[in-house]
Amino acid sequence: MRNAGWMERLSMGPLILLVTSLCTVTALTCEGQCGQQLQACSCHATCSSLGTCCTDYRQFCLVVSPYSGTMFGGTDFVVLNATFPLDSTVICRFNGDVYTAGYVDVEGRAHCISPLLYETGFVPFEISMDDGVTFNRTGMWLSVHSGKLEAEFKVALGNATQWQYYGTAGVGGCLSLSWKPWQIRADTVNIELWAYRETGEPYSVSWASEWKYLYSLGKGLPNNGSFSFVPKPAESPFSEWELGAVRVSAGSYPDGTRDVHAAWSEDHALAWHLGDAFRQDSVAWATAKCLAWDMLESRLPNFLNETLDCPCTLAQARADTGRFHTDYGCDIEKGSVCTYHPGSVHCVRAIQASPKYAAGQQCCYDATGSQVLTADSIGGSTPDRGHDWGSPPYRRPPRVPGASHWLYDVLSFYYCCLWSDNCQYYFKHRPSSDCRTYRAPKAGVAFGDPHFVTFDGISYTFNGQGEYYLVRAASKGLTIQGRTERVKMENGTLAKAAMLSAVSMQEKTSDIIEVRLASQRDHLQLLRNQQVLSFAEQSWMDLSGVFVFSPIPQNITVMFPSGAGVEARGRGGALAVTVLLPEEFSGDTLGLLGQMNGDPADDLVASDGQVLPPDQNSPEDLFSFGAGWQIENETSLFTYDSPYLLDTYCFAPKHNPDFVPAFSVPEDPSDPLYAQMSALCSGEGFPLCRFDTLAARSLDMGNATREAFLAHVSVVEDLRPVVSCGWLGPPSNGRKAGTQYLQGATVNFACDPDYVLSGSPERTCQADGHWSGDPTHCVRGTSADDITLLSPRPRSVCDVPPVLYAIRLLHFFSLTECEPTESLQRHKSH
């Protein structure tokens, strides 16, 4: 009877229109109607779980496997759950303007070959089964940055250092590469070099990107998974291409055939392919290239002022997950193999490209957690003219993922630093950002039987059942909603306790992202615009107006262009959610996570705008406050794709008025849980741990609450503001000891032989952001008079006859004007 009830309500057109934003049409076919709710059946992604799909849903609204592949193309994917006539002529169209040839296999399944794309993220595709006459079957394909693709799907370059330095002094011999034979369904393979370049005037309409086939390294070779060769210098014009990738494809294709089933290496510097001039004198060749790049950079727009400043510490960099993400080329979780950043143990990249020039920021840190700067080390942090991960709308320079970054930021590093000793030119244009303007985000959290810690640090409990606003920031267009449900105890009965089970969010016109508990305990499920997405193939996804990352099934991080980040964690059968907001959100947030403005006194602003007074903090007052932040069907971002969700949240009040939770739980030493609870719930956060253990009758939930609370304390500590005094360099003809520049750090100075130190030999970073002491100089000479004369504030200097003073300084510095004393000022006024 229950199923009949919700089916009847599901057919109530107006309400379902309201909560699912679907159109009701009279056709009973999904041809041209994918994503819509029809009159008698559905072509929407939720129809499978609701059992309401039209009979031809899978024929026209396609699900494919694999659903992702390299942006270089060549992945063969198959349409699932549908069959087609064997004599169909299949044409696949991507983004409305890129065509590839498909086919139908002997089992009647349609296949497409993904094309070479200049973008990452989900790309719409259509399939024609009648040789391009009609394209009426639609789906989505995930194009992936080559650096983020799993290794098993790539061609591996053996001894990467040899490939990168081939042709430089002492580096030559045989190069090798390998692949998995199953990647290419053919007995023989062709191995080809494809290369990339950008032409036209930078930052003009003529600026264009191009991947092009250059030549074959081998043809009709056995598909045994390996190939070795001794490269020969390329001739002009091929030698002018300096960035490329190796493609392995079926041997049946003619040379350079685009968009065929293939596997690719990552893009890399083509040292091994460069011409005779490089082989004969790689240093001279690279130096000339470095100087040419220096001239080019001097006339290009300055992008440095719009890049995000680096976090001051490694702890901040790893905690600020809304704005920074691990640079896979230097990852502490993978052994800190930092090829381009010696001395660093971990680097992060700014997630979002800069607004005008699409530039990127990279920040690297040493084993002490301090930022490594290029002024101190070749392994320092560097900004990027082209963001490594590209930037919407992609396709054109400098927004092409990977390749634009390589051309403007990596090849130039090879020219100036790796193939020649001219790093000063590179670091002139790619200086490290220090952290003097970095401002850490604020963190708010919801966890357990929901306990909340607001952005300004107010802790309280609101354990209602329903759907509520966690954050609403109107001027930023950010909405984050949370769903709570009753806690089910181990004996199957419902406790008088609640927990977060889902969170849904959107920023401006971005994709709507929902994270909810999956059927497997503590595993999380991600939905994009009400459609379930799988992380089985990729841990990172570029979506529309948002990025998502899931390193393990229990964790999902969501990142928005504003720098807002949401971390969802499945723990103890419940969902814990941390929201990170940059300081730009100050004064613009409302909801259960409070008003972020640095003033805890006005954190709890009710939905009617009234501030909850500090003396009205009883559990009942807080329950009433929380209930007021219930959402409405018209504003809901949630998906209702099961009878339970429809009955409990869609067709019911958004705040369940019939559920009254336990506001307090008595502790009884005779309770079988008491001893274990007391042992578990000790130390900071123990009251919440004890409450949840007893309310849910679950040590697992109590422990999850304790861990979530401690994790939040750790995040807040990691994001604690620190004071930076900025980089302090060594004096000319001298040296320094110390490369840390935060409050309390000390830098010591010494001079080269035959030079004496003037100023402070030791300077300390002070709480006001300034260095103690006086600027340090090293001057030629050893007499005390010389040192006295060159002190930074020598009040007696002006008592020295000007001619003698000038003679003594002439071979040290250019003469500077003496700061007049008060008596001299008076004298000059006459």
Electrostatic pair [X]:[Y] at N-O distance under 4.0 angstrom:
X: Glu201; Y: Arg299; result: yes
X: Asp718; Y: Arg318; result: no
X: Asp97; Y: Arg395; result: yes
X: Asp409; Y: Arg385; result: no
X: Glu240; Y: Arg197; result: no
X: Glu266; Y: Lys154; result: yes

Checklist entry - Hey, do the aromatic rings of Phe72 and Trp194 have their centres closer than 6.0 Å? => result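 No, they do not, as the ring centres are separated by 6.0 Å or more.
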
Checklist entry - Does Tyr203 have its ring centroid less than 6.0 Å away from the ring centroid of Tyr357? => result yes

Do any N or O atoms from the side chain of [X] and from the backbone of [Y] form a donor-acceptor pair under 3.5 angstrom?
X: Tyr67; Y: Glu537; value: yes
X: Ser550; Y: Asn555; value: yes
X: Asn223; Y: Ala186; value: yes
X: Ser354; Y: Lys356; value: no
X: Asn190; Y: Gly220; value: yes
X: His387; Y: Arg349; value: no
X: Trp264; Y: Phe153; value: no
X: Thr374; Y: Ser432; value: yes
X: Ser265; Y: Val246; value: yes
X: Glu192; Y: Arg247; value: no

Item to check | Intermediate values then yes/no, side-chain hydrogen bond (donor to acceptor under 3.5 Å, both in side chains), Tyr103 and His111 | outcome: CA-CA 5 Å; Tyr103 65 97; His111 291 246; 3.2 Å; yes

Checklist entry - What's the verdict on side-chain hydrogen bond (donor to acceptor under 3.5 Å, both in side chains) for Thr120 and Asp542, showing C-alpha distance, side-chain angles and the deciding distance? => result CA-CA 7 Å; Thr120 56; Asp542 303 353; 2.5 Å; yes

Checklist entry - Just how far is it from atom CG of Leu543 to atom CZ of Phe122, taken to the nearest 0.5 Å? => result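 Here the interatomic distance stands at 6.5 Å.
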
Heavy-atom pair of closest approach, residues [X] and [Y]:
X: Gln164; Y: Ala271; result: O-CB, 3.3 Å
X: Trp389; Y: Thr326; result: CZ2-O, 3.9 Å
X: Tyr394; Y: Pro401; result: CD2-CG, 3.6 Å
X: Ile113; Y: Asp259; result: CG2-O, 3.5 Å
X: Asp309; Y: Arg436; result: OD2-N, 3.5 Å
X: Thr75; Y: Thr70; result: OG1-N, 4.1 Å

Which word best sums up how the rings of [X] and [Y] line up, parallel for under 30°, tilted for 30 to 60°, or perpendicular for over 60°?
X: Trp540; Y: Phe547; result: tilted
X: Trp272; Y: Phe229; result: perpendicular
X: Tyr415; Y: Trp419; result: tilted

Item to check | Verdict with supporting geometry, Cys92 and Cys112, disulfide (SG to SG under 2.5 Å) | outcome: CA-CA 6 Å; Cys92 308; Cys112 287; 2.0 Å; yes

So [Y] and [X], do their side chains get closer than 4.5 Å, heavy atoms only?
X: Tyr425; Y: Ser412; answer: no
X: Tyr408; Y: Pro398; answer: no
X: Ser344; Y: Asp366; answer: no
X: Phe535; Y: Phe549; answer: no
X: Arg279; Y: Pro231; answer: yes
X: Val248; Y: Gln183; answer: no
X: Trp207; Y: Pro397; answer: yes

Checklist entry - How about Cys423 and Cys416: are their SG atoms under 2.5 Å apart? => result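 No, no disulfide: SG-SG not under 2.5 Å.
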
Checklist entry - Step by step, would you call Glu210 with Thr199 a side-chain hydrogen bond (donor to acceptor under 3.5 Å, both in side chains)? => result CA-CA 8 Å; Glu210 179 186 15; Thr199 58; 5.7 Å; no

Does the side chain of [X] come under 3.5 Å of the side chain of [Y] through a donor N or O and an acceptor N or O?
X: His273; Y: Tyr215; result: yes
X: Glu119; Y: Ser143; result: no
X: Asp327; Y: Tyr340; result: no

Checklist entry - Can you check side-chain hydrogen bond (donor to acceptor under 3.5 Å, both in side chains) on Tyr328 and Asp388, steps first, answer last? => result CA-CA 11 Å; Tyr328 298 117; Asp388 184 22; over 6 Å; no

Checklist entry - Where do Val123 and Phe125 land on the side-chain contact (heavy atoms from CB on, under 4.5 Å) test, with the steps shown first? => result CA-CA 6 Å; Val123 174; Phe125 73 87; 5.9 Å; no

Item to check | Chi angles and distances behind the ring-ring contact (aromatic ring centres under 6.0 Å, His included) call for Trp293, Tyr426 | outcome: CA-CA 9 Å; Trp293 175 79; Tyr426 186 81; 5.5 Å; yes

